[in-house]
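Before any comments, here is the structure.
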Amino acid sequence: MSLRAELEQCVSAWAAQHFPDLPAEPWVRPCTDERHGHFQTHLAMVAAKATRQNPREMAERLARECELPKGWEKATVAGAGFVNFRVGPEALGQAIDALRQDPNLGIIPVKRPETIVIDFSSPNIAKAMHVGHIRSTVLGDSLARLLRRLGHQITRINHLGDWGTQFGKLLLAYRAAGRPPIEPDHAIDQLEEFYKKGHQEAESDPAKMAQARAELAALQDGDPERLKDWRLFCERSAEHFRRIYERLGIRFDSIRGESAYHEDLPRVVQTLLDRKIAETSQGAVVVRNPSIAEEPYLIRKSDGAFLYATTDLAAIQYRTEELKADRIIYVTDARQQLHFRWLFDTSKRWGVKTELEHVWFGTILGPDRKPLKSRDGTPLKLVDLLNEAHERAAAILTSKRPDLTPEDLGAKAELLGIASLKYADQLPNRNLDYVFTWEKLLAFDGNTAPYILNAYVRTRSILRKAGLNQRPSAPVKIAQPEEEVLARLLLRFGDAVELAAADRKPHHLCGYLYDLAGQYHRFFEACPVLQLPALRDSRLTLVGLTGDVLREGLSLLGIPTLEEM
RNA sequence: GCGCUGUUAGCUCAAUCGGAUAGAGCAUCUGACUUCGGAUCAGAAGGUUAGAGGUUCGAGUCCUCUACGGCGCACCA
């Protein structure tokens, strides 16, 4: 348990006893300025306001009455009614001892675990994954890792776009070309070329457009030849996705795509019509709710075709009934907010009790503050992004480590390049658009993956030199300020993980890990570990714990560590 | 037109849902290498939090208005 959580219990207990009407929110926070103390509460000011009493006197009372854990200094009062707390060196050492023996590293499992479906990534068949997929993929993966770490039961679903209207145009061009073989190595390029051709033809020629619709209808009616072609497209695309996910270190529990719900769609629409939730309008089937928007929500087109809204409704049914989901989290870009408002509202009216959440994120912008594109104006392919990350990392490695074999260099470049990319993508608050530059993304200074990995590598290096073949486990004696700050920071790991998970915002964890890596570097400068026999074992424990927390924290962000750079 | 969302240091971003003197990195300048890995550390400088009102002990954060931007609004996903 973190020091904060321990103190929180004391303060909340006091609050519950004397002011039972106050909300049970977290009252204890780390001080913004450590000159005031280690932790602070503004509870007294809130309580004083509620009871029309003097805040300063209330703070004095809290400081006097609140029972603190053993080894804490007497609480002090400052400002308008803040109460400040300081933990003593002995209690701090004991807390570190407890942390050292805690396999969870201070992460407290949730009291009520849920079964949670996380729907993320979701690329489209027959198209290359591009830069627009990276945030959903990386963010969804991290949320899955964070929530699982806190004890929830997680199902990661890749809701592939494998059944859209694009297949009409694709089939049109593919069949016109005589259904040539799709080479595994260039499958996506080939498929994109066919789609482009079919699209152009259909847009410029009404007869071709009708033909494309007929192709789609034939596919959806189960024509064996079209189904065979469609399966081939899916298999080849899946191989492309698999390679990228492999490099990103991302796995799914289910890759059930839109096609899986194909047969459920008529029933979904009919049920909504029967229950008067949906109605017919201009030949289409729509759901109305003026409090959301004037325009209705379309669930069946006037030509009888279904939309992704319908598929999503069917998917909610499946995940609720078959997967027993308590909660479904969708990770998509901000532009889909309106869609999800409709989807959630419609589901509620249908009687769905599952908690539904839309975790949305902003656009990745280029240096011109417009959505990031490749040089020729097409969407930037994810493969190209990963390759460039690899190459830039390799260039830096070559200059820093000329001794590496080509194999080692390749492996390290891959790890560092991908790590930088994933970290940079999670660093900004997900709600905001952010500006992407290669310089920043693969910078190895500042708040970056290499900076944190370097701190980790330095912990490993010391442990190697110490000749330890197991985790250091000596009791910790705090001798210098840098050690004290490091120790208190280590004890905040659980809070950081909890905050990142609760907010669905991994950037909180990035900030914590950066602080920890920075403090470790300061500790490293100020506190010799191996040279001072009296403090050696204690400091080795701190070094080992720092490494453990850095590794665990990075791993929750989907970033693996390495033993040496 | 309606709705969502944003504007914080020259640039890129933080600020733990209303708390104390708004913090980092990059860039600029100054220091620390006979190093437990310098991919590091210490320091300087940089701010009317877009603007104006309001709410209260207290506002970057909440409410109103204004300016400027991004995005979304029936048959794509």
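For the numbers below, each heavy atom of this structure counts, side chains included, while hydrogens, waters and symmetry mates do not. Predicted, not measured: the structure shown is a model, and the values here were computed from it. To find a chain, count down the sequence lines: A is the first, B the second, and so on, and within it residues start at 1.
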Hey, does A:Arg288 reach any base, or is it just sugar-phosphate, or nothing, if we go heavy atoms under 4.0 Å?
base
May I ask you to say what A:Leu499 touches in the nucleic acid, namely base, sugar-phosphate or nothing, with a heavy-atom cut-off under 4.0 Å?
sugar-phosphate
Want to settle it: does A:Gln336 or A:Lys440 sit nearer the 5' end of RNA chain B, counting the closest nucleotide to each?
A:Lys440
Reckon A:Asp433 touches a base, only the sugar-phosphate, or nothing at all at heavy-atom distances under 4.0 Å?
sugar-phosphate
Assuming nearest nucleotide by heavy-atom distance, tell me which of A:Trp163 and A:Arg341 is located more 5' along RNA chain B.
A:Arg341
Whole-Å distance separating the OH atom of A:Tyr520 from the P atom of B:rC36
12 Å
A:Arg56 CZ to B:rA20 P, straight-line distance once rounded to whole Å
16 Å
Take atom CZ of A:Arg52 and atom C1' of B:rC57, then tell me their distance rounded to the nearest Å.
14 Å
Using the side-chain heavy atoms of A:Leu432, tell me which of these nucleotides is nearest: B:rC41, B:rA14, B:rU21.
B:rA14
Testing the 3.5 Å rule here: is there a donor-acceptor pair between the side chains of A:Ser121 and A:His133?
no
Just to be sure I understand the rule, does A:Val457 reach a base, reach only the sugar-phosphate, or reach nothing, if contact means heavy atoms closer than 4.0 Å?
base
Remember a base hit wins even if backbone is also touched, and classify A:Glu25 as base, sugar-phosphate or nothing at under 4.0 Å, heavy atoms.
nothing
If you draw the axis of the six-membered ring of A:Tyr297, does the NZ or CZ of A:Arg341 fall within 45° of it and under 6.0 Å from the ring centre?
no
Indicate, with a heavy-atom threshold strictly under 4.0 Å, whether A:Leu427 touches base, sugar-phosphate, or nothing.
nothing
Of the listed nucleotides (B:rC57, B:rU21, B:rC13), which one gets closest to any side-chain atom of A:Arg35?
B:rU21
OH of A:Tyr195 versus C1' of B:rA77: gap in Å, rounded?
10 Å
Whole-Å distance between B:rC17 C1' and A:Arg29 CZ?
8 Å
Distance between C1' atoms of B:rU12 and B:rG53 (Å, rounded):
32 Å
Taking any heavy-atom pair under 4.0 Å as a contact, classify A:Arg300: base, sugar-phosphate, or nothing.
nothing
Taking atom C1' in both B:rG46 and B:rG37, compute the distance separating them and give it to the nearest angstrom.
33 Å
Which one of A:Val497, A:Leu143, A:Asp425 satisfies the side chain to side chain contact (heavy atoms under 4.5 Å, CB included) criterion with A:Pro506?
A:Leu143
In terms of heavy-atom contacts, does CZ of A:Arg335 have more than 12 from other residues, nucleotides or ligands at under 6.0 Å?
no
Touch class at under 4.0 angstrom, heavy-atom based, for A:Pro296 against every strand present
base
Look at the side chain of A:Ser281 and the base of B:rA74, then say whether one donor and one acceptor between them are separated by less than 3.5 Å.
yes
So, does A:Thr165 get its side chain near the phosphate of B:rC76, meaning an N or O under 4.0 Å from OP1 or OP2?
no
I'd like to know if the side chain of A:Asn447 pairs up with that of A:Tyr423 as donor and acceptor (distance under 3.5 Å, no hydrogens or angles considered).
yes
If you draw the axis of the six-membered ring of A:Phe524, does the NZ or CZ of A:Arg458 fall within 45° of it and under 6.0 Å from the ring centre?
yes
So, A:His507 and B:rA14: ring centres less than 5.5 Å apart, planes less than 30° off, yes or no?
no
For atom C1', what is the distance between B:rG47 and B:rU66, given to the nearest Å?
23 Å
With a cut-off of 6.0 Å (strictly less than), are more than 12 heavy atoms of other residues, nucleotides or ligands near CD of A:Glu563?
yes
Under-4.0 Å salt bridge between A:Arg522 and A:Glu482:
no
Over all strands shown, is A:His36 touching base, sugar-phosphate only, or nothing at heavy-atom distances under 4.0 angstrom?
base
Over 12 foreign heavy atoms within 6.0 Å of CD1, A:Ile188
yes
Check the geometry between A:Phe82 and B:rA20 and answer yes if their rings are stacked (centres below 5.5 Å, planes below 30°), otherwise no.
yes
Within the structure shown, what part of the strands sits under 4.0 Å from A:Val286 by heavy-atom distance: base, sugar-phosphate, or nothing?
base
Shortest side-chain distance from A:Thr32, nucleotide among B:rG19, B:rC13, B:rU16
B:rU16
Can a side-chain donor-acceptor contact be found between A:Gln426 and A:Ser142 if the only test is distance below 3.5 angstrom?
yes
Could you check how far CG of A:Asp119 sits from P of B:rA77, rounded to whole Å?
16 Å
According to a strict under-4.0 Å criterion, is A:Arg539 in side-chain N/O contact with OP1 or OP2 of B:rC36?
no
Would you mind telling me which of B:rA77, B:rA42, B:rA39 lies closest to the side-chain atoms of A:Asn124?
B:rA77
With hydrogens left out and only the distance checked, is there a donor-acceptor pair under 3.5 Å joining A:Asn84's side chain and the base of B:rA20?
yes
Below 30° counts as parallel, above 60° as perpendicular, anything between as tilted: where do the rings of A:Tyr308 and A:His339 land?
parallel
Rounded distance in Å - CD (A:Glu482) to P (B:rC36)
16 Å
Mind checking if A:His521 touches a base, just sugar-phosphate, or nothing, with heavy atoms under 4.0 Å?
sugar-phosphate
Can you tell me if A:Tyr423 touches the phosphate of B:rC13, counting only side-chain N or O atoms and a distance under 4.0 Å to OP1 or OP2?
no
Sticking with atom P, work out how far B:rA45 lies from B:rG6, rounded to a whole angstrom.
34 Å
Same-atom distance (C1') from B:rU8 to B:rC68, integer angstrom:
16 Å
Assign the ring pair A:Tyr451 / A:His521 to parallel, tilted or perpendicular, where the plane angle (0 to 90°) is split at 30° and 60°.
perpendicular
When the C1' atoms of B:rU61 and B:rC17 are considered, how many whole Å apart are they?
8 Å
Per the 3.5 Å Watson-Crick/G-U criterion and a run length of at least three, the stems involving RNA chain B are B:1-7 with B:67-73, B:10-13 with B:23-26, B:28-32 with B:40-44, B:50-54 with B:62-66
Would A:Phe524 pass as stacked on B:rU40, i.e. its ring centre under 5.5 Å from the base's six-membered ring centre and planes under 30° apart?
no
Short side-chain N/O contact from A:Lys465 to OP1 or OP2 of B:rG37, under 4.0 Å
yes
Determine the contact category for A:Cys510: base if any of its heavy atoms lies under 4.0 Å from a base atom, sugar-phosphate if only primed atoms, P, OP1 or OP2 are that close, otherwise nothing.
nothing
Return the nearest nucleotide to the side chain of A:Ser461; candidates are B:rG19, B:rA74, B:rG37.
B:rG37
Gap between atoms CG and C1', on A:Asn454 and B:rC36 respectively (whole Å)
14 Å
Over all strands shown, is A:Gln166 touching base, sugar-phosphate only, or nothing at heavy-atom distances under 4.0 angstrom?
nothing
Expressed in whole Å, how much space separates the C1' atoms belonging to B:rA50 and B:rG60?
12 Å
Separation between the C1' atoms of B:rA67 and B:rG31, rounded to whole Å:
45 Å
Using a 4.0 Å heavy-atom cut-off, does A:Ala496 contact any base of the nucleic acid, only the sugar-phosphate backbone, or nothing at all?
nothing
The side chain of A:Lys49 is closest to which nucleotide in this list: B:rA15, B:rU56, B:rC13?
B:rU56
